[in-house]
> 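Quick one: the structure is below, and I'll ask about it shortly.
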Amino acid sequence: MSLLDETVEVPRRTMTLFFMVDTSGSMDGRKIGAVNESIQEVLPMINDISDANPDAEIKVAALQFSSGTSWVYDEPMLASDFVWQDVSAMGPTDLGEACRELNSKLSKNGFMKSASGSYAPAIILLSDGEPTDDFDSGLAKLQENKWFSHAIKIAIAIGDDANKEKLAQFTGTSEAVFTVHNIDALKKMIRIVAVTSSQVGSQSSSTGDTTKQETTIRLIKDETKDTGGIESGTESGTATSSDNYDDWN
């Protein structure tokens with residue numbers, strides 16, 4: 001047998017998709033129910049993207065934050081193995097603590113220890129309110145993390161009570177903050193953001209001169225431009241459509 005006949009399997013790199021879910025008391029009811037349902041439904045889509053990618057596999061990690069933080073699982077898992085465990089909502093909004101906890105896991109001693117190497121992660125932050133702890137110092141520490149600086153970062157502001165200025169500080173740009181105003185918009189937004197971030201984040205490189213985050217933002221905007229109840233960061237506060245008011249009933 002010649003060397004040309006031998007097949008060498010090259011190990012795939014890993015891209016981790018992080019969900020950061022606000023489980024404070026204001027999320028109780030239909031909001032947290034929609035989040036639970038949507039993440040559960042999008043996992044098979046993420047698995048399909050991972051299976052079809054010869055270069056990278058996608059793993060999923062989920063952090064909930066209210067009074068403190070907790071991970072849904074102790075380590076990232078393949079979407080095929082990740083069984084979403086419904087979270088409930090109560091307590092304050094410890095987003096600063098969530099930033100510190102995420103920072104602790106964005107390292108080779110934490111969640112970025114793939115033997116074959118890792119792509120920069122994709123991070124989806126969902127919140128409907130105001131941070132109730134020291135968000136600024138928590139974010140400042142996280143911003144020193146190189147994995148975070150290169151990550152795709154998208155925030156979903158759930159309603160007009162969400163502090164979009166703080167969410168923009170997290171993502172690095174107001175263009176990466178998308179506001180949803182009703183349950184249907186929230187469900188659709190979670191699906192679009194998770195699928196798009198997975199597709200772009202698991203590619204070997206960004207398209208042209210744009211970063212992966214810029215590519216992701218553009219694709220999300222294209223996908224949601226005609227959808228009622230969703231505003232992009234550049235539209236927030238200026239939209240006049242009757243669809244763009246909060247309705248969580």
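Everything numeric in this text was worked out from a predicted model, so none of it was measured.
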> Which atoms form the tightest heavy-atom contact between Phe170 and Leu142, and what is the distance?
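In terms of heavy atoms, the two residues are closest at CE1-CD2, 3.8 Å.
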> Working to the nearest 0.5 Å, report the span between CD1 of Ile217 and CG of Asp222.
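Interatomic distance, Ile217 CD1 to Asp222 CG, rounded to 0.5 Å: 12.0 Å.
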> Are Trp147 and Phe111 an aromatic pair, judged by ring center distance below 6.0 Å?
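Ring-ring flag for Phe111/Trp147: false, centres at least 6.0 Å apart.
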> Closer than 3.5 angstrom, by distance alone: can the side chain of Thr23 be matched with the main-chain N or O of Ala89 as a donor-acceptor pair?
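Judged by distance alone, no pair lies under 3.5 Å.
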> Should Lys221 and Glu175 count as an ion pair when the cut-off is N to O under 4.0 Å?
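Counted as a salt bridge, because a side-chain N and a carboxylate O are separated by less than 4.0 Å.
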> So that I can tick it off, tell me whether Glu37 and Lys187 are bridged by a salt bridge, with the cut-off set at under 4.0 angstrom between side-chain N and carboxylate O.
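The answer is yes: the pair qualifies as a salt bridge.
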> Within the side chain of Lys105, is there an N or O that forms a donor-acceptor pair under 3.5 Å with the backbone of Ala61?
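Judged by distance alone, no pair lies under 3.5 Å.
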> List the steps, then state whether side-chain hydrogen bond (donor to acceptor under 3.5 Å, both in side chains) holds for Asp247 with Asn182.
CA-CA 5 Å; Asp247 180 12; Asn182 57 61; over 6 Å; no
> Say whether Leu78 and Ile124 are linked into one hydrophobic cluster, either directly or through other cluster members, by side-chain heavy-atom distances under 4.5 angstrom.
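In one cluster with Leu78: Ile124, no.
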> Could you go through the side chain to side chain contact (heavy atoms under 4.5 Å, CB included) check for Thr171 and Leu125 one step at a time?
CA-CA 9 Å; Thr171 62; Leu125 171 61; over 6 Å; no
> Less than 4.5 Å apart, any side-chain heavy atom of Glu214 and any of Arg218?
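With C-beta onward as the side chain, the pair stays apart.
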> Does Asn145 use its side chain to pair, donor to acceptor, with the backbone of Leu106 at less than 3.5 Å?
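A pair under 3.5 Å: yes.
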> Distance from Leu102 atom CG to Phe18 atom CZ, nearest 0.5 Å?
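Here the rounded value is 6.0 Å.
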> Scan side-chain atoms only and decide if Ser174 and Lys164 contain a donor-acceptor pair under the 3.5 Å cut-off.
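Distance-only check fails for Ser174 and Lys164.
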> Give the C-alpha distance, both sets of side-chain angles, the deciding distance and a yes or no for side chain to side chain contact (heavy atoms under 4.5 Å, CB included) between Lys59 and Met77.
CA-CA 5 Å; Lys59 292 188 175 181; Met77 302 175 65; 6.0 Å; no
> Are the side chain of Ser149 and the backbone of Lys146 linked by a donor-acceptor contact shorter than 3.5 Å?
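Yes; at least one donor-acceptor contact below 3.5 Å.
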> Of all heavy-atom pairs between Ala151 and Gln213, which one has the smallest distance, and what is that distance?
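Taking Ala151 first and Gln213 second, the nearest heavy atoms are O-OE1, 3.3 Å.
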> What's the spacing between Leu95 CG and Asp136 CG if we round to 0.5 Å?
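The distance works out to 10.0 Å.
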> Sub-3.5 Å donor-acceptor pair from the side chain of Glu97 to the main-chain atoms of Phe135, do we have one?
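Not a single qualifying donor-acceptor pair exists.
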> Which of these passes salt bridge (charged side-chain N to carboxylate O under 4.0 Å, His left out) with Lys31: Asp161, Asp128, Asp22?
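When Asp161, Asp128, Asp22 are each tested with Lys31, the salt bridge (charged side-chain N to carboxylate O under 4.0 Å, His left out) holds only for Asp128.
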> Enter the distance from Met45:CE to Ile192:CD1 here, rounded to the nearest 0.5 Å.
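Met45 atom CE to Ile192 atom CD1 measures 10.5 Å (nearest 0.5 Å).
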> About how many Å separate CD1 of Ile190 and CG of Asn36, when rounded to the nearest 0.5 Å?
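Nearest 0.5 Å value for the CG-CD1 distance: 9.0 Å.
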> Does Arg13 form a side chain to side chain contact (heavy atoms under 4.5 Å, CB included) with Asp55? I'd like the steps, not just the answer.
CA-CA 6 Å; Arg13 298 175 73 179; Asp55 299 319; over 6 Å; no
> Please find the pair of heavy atoms, one from Asp133 and one from Arg100, that lie closest to each other, and give the distance.
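In terms of heavy atoms, the two residues are closest at OD2-NH2, 3.9 Å.
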> Just wondering, do Ser24 and Pro92 contact through their side chains at under 4.5 Å, heavy atoms?
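They are not in side-chain contact.
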> Name the residue from Val180, Ile158, Thr227 that meets the side chain to side chain contact (heavy atoms under 4.5 Å, CB included) definition with Met189.
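One option only clears the test, and that one is Val180.
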> Look at the side chain of Thr196 and the backbone N and O of Val193, then say whether any donor-acceptor pair between them is shorter than 3.5 Å.
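Side chain of Thr196 to backbone of Val193: no pair is present.
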> Does His181 reach the side chain of Asp160, with side-chain heavy atoms less than 4.5 Å apart?
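Yes, at least one pair of side-chain atoms sits under 4.5 Å.
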> For the residue pair Gln64 and Trp71, confirm or rule out a side-chain donor-acceptor distance under 3.5 Å.
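Trp71 and Gln64 do not have a side-chain donor-acceptor pair below 3.5 Å.
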> Taking side chain as C-beta onward, heavy atoms only, is Tyr119 less than 4.5 Å from Thr14?
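Tyr119 vs Thr14: side chains apart.
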> Testing the basics here: between Leu17 and Ala194, what is the closest heavy-atom pair and its distance to 0.1 Å?
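Looking at all heavy atoms of both residues, the shortest contact is CD2-O, 4.3 Å.
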> Could you state the interatomic distance from NZ (Lys166) to OG (Ser127), rounded to the nearest 0.5 Å?
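Those atoms lie 12.0 Å apart.
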> Determine whether the side chains of Asn47 and Ser50 contain a donor N or O and an acceptor N or O closer than 3.5 Å.
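Result is no, nothing qualifies.
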> How far apart are the closest heavy atoms of Cys99 and Leu139, and which atoms are they?
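Nearest pair, atom of Cys99 first, then Leu139: CB-N, 3.9 Å.
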> Verify the cluster assignment for Met90 and Phe65: are they in a single hydrophobic cluster under the rule of side-chain heavy atoms below 4.5 Å apart?
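Unlinked, Met90 and Phe65 end up in two clusters.
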> So Thr16 and Ile58, do their side chains get closer than 4.5 Å, heavy atoms only?
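Heavy-atom side-chain distance check fails, nothing below 4.5 Å.
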> Below 4.5 Å, heavy atoms only, C-beta onward: do Leu63 and Val21 meet side chain to side chain?
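With C-beta onward as the side chain, the pair stays apart.
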> Would you call Ile152 and Ile123 a side-chain contact if the rule is heavy atoms closer than 4.5 Å?
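The answer is no, as the side chains (C-beta and beyond) never meet within the 4.5 Å cut-off.
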> Is it true that Thr216 and Ser197 share a donor-acceptor pair across their side chains at a distance under 3.5 Å?
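No, no side-chain donor-acceptor contact under 3.5 Å.
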> Checking Lys141 against Phe148: charged group under 6.0 Å from the ring centre and within 45 degrees of the axis?
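So Lys141 doesn't make the cation-pi contact.
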> Can you tell me if Arg12 uses its side chain to pair, donor with acceptor, with the backbone of Asn53 under 3.5 Å?
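Here the side-chain-to-backbone pair exists.
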> Could you tell me which non-hydrogen atom of Tyr73 sits nearest to which non-hydrogen atom of Val83, and how far apart they are?
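The answer is OH-O, 2.6 Å.
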> Under 3.5 Å, side chain of Asp28 to main-chain N/O of Ser88, donor-acceptor pair present?
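No; zero donor-acceptor contacts below 3.5 Å.
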> If you apply the rule side chain to side chain contact (heavy atoms under 4.5 Å, CB included), what do you find for Ile46 with Val195, and how did you get there?
CA-CA 6 Å; Ile46 297 170; Val195 167; 5.5 Å; no
